[in-house]
Amino acid sequence: MRVLIVDPEASGRLRLGEAPDPRPGPGQVLVEVRHTSLNAAELWFAQQAAPGDRLQSVQR
């Protein structure tokens with residue numbers, strides 16, 4: 001899946017990357033998300049977060 005990754009070297013501290021698709025555990029379900037948005041609070045988090053933190057987002 002595509003993810004936004006906090007990267008202090010990237011413009012705006014975010015870069016698009018790839019991560020393995022999650023696998024649901026017992027009693028869990030996996031929901032496919034086709035579209036999402038990034039709001040001001042999430043952008044603020046990205047600017048304050050530690051390098052390597054991931055914001056799972058972006059359409060698949």
Side-chain angles (χ1 to χ4, degrees):
M1 78 177 155
R2 296 194 311 181
V3 294
L4 287 174
I5 300 171
V6 175
D7 181 353
E9 303 299 319
S11 174
R13 293 184 49 106
L14 292 174
R15 68 177 168 83
L16 189 59
E18 292 288 327
D21 286 341
R23 293 181 179 221
Q28 297 179 334
V29 297
L30 181 62
V31 177
E32 182 176 348
V33 177
R34 292 181 176 239
H35 302 278
T36 187
S37 63
L38 189 65
N39 65 39
E42 292 163 328
L43 289 173
W44 178 85
F45 169 82
Q47 293 170 348
Q48 307 299 317
D53 286 351
R54 292 182 179 181
L55 303 174
Q56 291 189 2
S57 191
V58 184
Q59 67 188 12
R60 184 173 140 138

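By the 4.5 Å heavy-atom criterion applied to side chains, L30 and D21 are not counted as neighbours.
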Subject >> R2 vs E18, side chain to side chain contact (heavy atoms under 4.5 Å, CB included): CA-CA, chis, key distance, verdict >> reply: CA-CA 5 Å; R2 296 194 311 181; E18 292 288 327; 3.2 Å; yes
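L4 CG to L16 CG: the interatomic distance, rounded to the nearest 0.5 Å, is 6.0 Å.
Here the closest non-hydrogen pair linking M1 and P20 is CE-O, 3.9 Å. Shown here for I5 and G17, the closest heavy-atom pair between the two residues is CD1-CA, 4.0 Å.
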